[in-house]
Amino acid sequence: MAEPLRISAKNLGALALPDFCPRCFWLKLKVRNRLPFQIFPGIFSSIDAYTKRVVHAWIDRNGGAPVWLKGLGEVTGYINPPHHSRFYIELPEYEILLTGAPDGILTLPDGSIAIIDYKTAKYTGTQDRLMGMYEIQLNAYALIAKHLGIGNVTKLALVYAEPVTDEETAAQPEIHTDDGFSMPFSVSIHPVKLDPDMLEPLYNQARQIYELPEAPDRTPGCKDCERLDELMLLARKL
Ligand code: SF4
């Protein structure tokens, strides 16, 4: 496959966002996601990684998942998710290299696996504006996991961990330690339908947008693009 379009599962999922902008998509693909002013607080990734360690440590000690993961059903163990540099599938018919980095892979009693993604966020169910993107992302992980022979994926889920920050909780003496304090999280499980076929139409769509010779039109009324225009004007040499 010559010069494939390298796209992450998450970026492919952007095609399913209700406010999807082809111009943004095209720009991100062309500059390989290296856009300016994209500062994402690292604390969320740290908490997601911590949640994974909490789950793995519990399974190591007890052989099953903690009670707060009961929404996933019975769990027998876990598989350390591969590094993103090894988690990909080539799709020569679309000239696409689909990549990803799953947060968690859990083993189930029938020998199959569940792929989960941790979200440090309040759970709002289907109200979550990003839900369409997450569904694509998880189904892409399922496709890649199957291709790599990691296991037969039978379950996908989002695991939301919402910080509990009310006054009553903050007043509990147990949260204090000698060198700091702890914050509890309330967990909600959102099952995601396993349907890798939903990815098929997106490959062509991604490819078509990527191959456009010029950036597509901007979304009318987008404040960010208006601000960019203002910045460009300001920065223009007179
Ligand atoms: S219109 Fe908005 S979403 Fe589209 S490229 Fe401009 S900033 Fe991005």
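Counting starts at 1 for both ligands and their atoms, following the listed order. Numbering of residues begins at 1 and proceeds along the displayed sequence. Keep in mind it's a predicted model, so treat the numbers as computed, not measured.
Residues satisfying the side-chain contact (heavy atoms from CB on, under 4.5 Å) test with Ser8, not counting sequence neighbours, are Lys10, Asn11, Thr99.
Leu156 is not connected to Tyr78 by any chain of hydrophobic side-chain contacts under 4.5 Å among Ile, Leu, Val, Met, Phe, Trp and Tyr, and they are in different clusters. There is no path of hydrophobic side-chain contacts, each under 4.5 Å, that joins Val159 to Ile115.
Judged purely by distance below 3.5 Å, without hydrogens or angles, the side chains of His190 and Tyr160 never pair a donor atom with an acceptor atom.
A distance-only check finds a donor-acceptor pair linking the side chain of Lys155 to the backbone of Leu72 [under 3.5 Å].
Taking a cutoff of 4.0 Å between a charged side-chain nitrogen and a carboxylate oxygen, Lys223 and Glu226 qualify as a salt bridge.
Near-neighbour remark for atom 8 (Fe) of ligand 1: protein N, O or S atoms under 2.8 Å are Cys24 SG; waters not counted.
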